[in-house]
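Working notes, structure below.
None of the values given here were measured: they were computed from a predicted structure.
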Amino acid sequence: MNTTTQNKNRIVPIIMMIALFGMIAFVTNLAAPMGLVLKQQFAVSNFLGLLGNLANFIAYAVMGIPGGILLQRVGYKKTALIAVAVGFIGVLVQFLSGHSPESLAFTIYLLGAFIAGFSMCLLNIVVNPMLNTLGGGGNKGNQLIQIGGSFNSLMATFTPAFVGILIGDAVSARISDVFPVMYIAMGVFAVVFFVLWSVNIPEPHITESKESMGSLMSGALKFKHFVLGAIAIFIYVGIEVGNPYIMLYWLEEMPSVGATIGGFVTGTYWFLMLIGRLVGASLGSKVSSKTMLSSLSIVGLVLVLAAIFSPTTNLIELPVLQRSAEGALSFGLAEVPINALFFVLVGLCTSIMWGSIFNLAVEGLGKYTPAAAGIFMTMVCGGGILPAIQGGIADAVGYISSYWLIIAALAYLLFYGLIGSKVNKRATE
């Protein structure tokens with residue numbers, strides 16, 4: 001088979017992998033906005049409303065390491081097919097919760113969110129190396145990963161805004177209002193499954209190790225800078241999710257703002273993350289990960305402190321999608337508290353933190369790096385745990401005061417960037 005024919009045969013799998021990159025963001029970023037629906041339909045607190053998000057992310061803690069083992073045993077294509085099938089089932093269960101008796105609907109929805117989380121974990125393990133291989137590795141493979149990451153950010157921007165449009169008046173929101181989102185998700189999963197099933201795609205090479213996974217993980221955990229880095233990833237994902245979605249819950253409760261405008265403002269946070277990633281990629285070869293993480297942690301601290309201490313009566317106009325009293329949608333300027341602007345701008349800071357933390361944490365790990373990556377995947381559960389804690393704090397002392405948790409989290413990332421990331425010899429040496 002000549003090179004031209006081979007490249008043509010890879011176009012469809014590449015499109016499918018990029019679509020899955022988007023689905024990771026689409027399904028993951030559905031969980032927290034759905035909390036608005038759960039809060040209203042079941043009359044629960046912010047903490048309980050965020051249980052769906054917690055269920056989605058806690059699946060990473062359960063599936064992170066088993067997912068790596070599954071990948072070793074069945075390969076990338078079969079793992080991807082399993083992930084897509086599980087994702088379809090997870091969204092289907094969430095859909096069925098909208099048709100369930102009120103006494104069971106909440107529990108069924110949480111089960112669906114948990115199942116969907118398994119899928120997202122497996123997809124995260126698969127899509128990066130698959131795109132790299134489909135691109136032929138090297139610069140082309142990296143270019144495809146960057147395209148996939150950009151589409152991921154685009155879908156993260158779209159999801160909260162779309163949910164805000166669908167639920168409209170959040171006071172009367174129900175799970176059934178968000179069915180269009182679930183139809184889209186199930187449709188994409190179904191199409192991707194059958195396309196991946198029918199096409200031949202190359203398998204990235206998996207290096208067999210003579211040491212067991214348990215031994216490799218134990219070795220990785222003997223590096224102090226890696227352990228502190230794993231904690232940093234847990235905290236980072238909690239910031240990335242909690243910062244915008246607690247803001248969404250706060251804005252939704254304001255009569256002058258509501259769910260539609262609040263969803264669009266929240267989407268802007270993810271759009272700024274896209275911008276930040278593009279800028280970060282262009283500066284990556286010129287600025288060290290240590291400098292990036294440290295400096296942006298400081299900027300993030302300044303922004304969140306400004307949001308905490310600024311009066312909520314200070315308003316600023318932002319370009320948003322808004323809904324009229326008659327239900328018509330229009331794009332224009334809307335007044336929101338200036339605090340929201342500061343929270344949104346944090347997206348520029350969090351955009352490059354994952355890569356910076358990962359690079360610092362795995363430096364010097366050598367053969368333990370693959371096992372370290374598996375541990376990192378389990379620590380993504382922080383995206384469910386920290387926002388739930390912040391939601392509980394918001395229930396107790398108010399939304400703005402809950403951001404002191406974000407301050408503490410950013411302070412830890414600053415510590416890790418400046419001190420904790422220093423490469424250490426293993427504890428046993």
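- With a 4.5 Å cut-off on side-chain heavy atoms, Val178 and Phe162 do not count as touching.
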Intermediate values then yes/no, ring pair (Phe, Tyr, Trp, His ring centres under 6.0 Å), Phe88 and Phe193: CA-CA 9 Å; Phe88 181 91; Phe193 181 88; 9.1 Å; no
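- The aromatic rings of Phe158 and Phe26 lie parallel to each other, their planes meeting at an angle below 30°, with 60° marking the opposite boundary.
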Show your working on side chain to side chain contact (heavy atoms under 4.5 Å, CB included) between Thr107 and Leu104 and close with a plain yes or no. CA-CA 6 Å; Thr107 301; Leu104 297 175; 5.7 Å; no
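- Under the 4.5 Å side-chain criterion, counting only non-hydrogen atoms from C-beta, Gln94 is not in contact with Ile115.
- Between Ile125 and Thr79 there is no side-chain heavy-atom pair separated by less than 4.5 Å.
- Annotation: side chain of Phe342 is not in contact with side chain of Leu305 (no heavy-atom distance under 4.5 Å).
- Other residues, nucleotides and ligands contribute more than 12 heavy atoms inside 6.0 Å of the NZ atom of Lys290.
- For the residue pair Thr350/Tyr269, the side-chain donor-acceptor check at 3.5 Å is satisfied.
- At a threshold of 4.5 Å between non-hydrogen side-chain atoms, the residues Ser119 and Val27 do not count as touching.
- In this structure the side chain of Ile261 never reaches within 4.5 angstrom of the side chain of Met254, judged on heavy atoms.
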Side chain to side chain contact (heavy atoms under 4.5 Å, CB included) between Ile308 and Val304: does it pass, once the steps are laid out? CA-CA 6 Å; Ile308 290 173; Val304 178; 4.1 Å; yes
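- Using a 30° and 60° split on the angle between ring planes, His225 and Phe223 fall in the perpendicular class, above 60°.
- Rounded to the nearest 0.5 Å, atoms CD1 (Ile357) and CG (Leu228) are 11.5 Å apart.
- By the 30° and 60° cut-offs, the orientation of the rings of Tyr183 relative to Phe179 is tilted.
- In this structure, the side chains of Leu386 and Ile239 stay at 4.5 Å or more apart for every pair of heavy atoms.
- Ring pair Tyr403/Phe343 is parallel by interplanar angle, where below 30° counts as parallel and above 60° as perpendicular.
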Under the ring pair (Phe, Tyr, Trp, His ring centres under 6.0 Å) rule, what do Phe264 and Phe271 come out as? Steps first, then yes or no, please. CA-CA 10 Å; Phe264 204 88; Phe271 177 73; 9.7 Å; no
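- Within the 4.5 Å cutoff, no side-chain heavy atoms of Glu240 are placed close to those of Trp354.
- Using cut-offs of 30° and 60° on the angle between ring planes, the pair Phe106 and Phe42 is perpendicular.
- Checking each of Leu122, Ile24, Asn152, Ile18 against Val127 for a side-chain contact (heavy atoms from CB on, under 4.5 Å) leaves exactly one that passes, namely Ile24.
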If you apply the rule salt bridge (Lys or Arg N to Asp or Glu O under 4.0 Å), what do you find for Lys39 with Glu253, and how did you get there? CA-CA 11 Å; Lys39 282 174 59 181; Glu253 290 188 5; 3.2 Å; yes
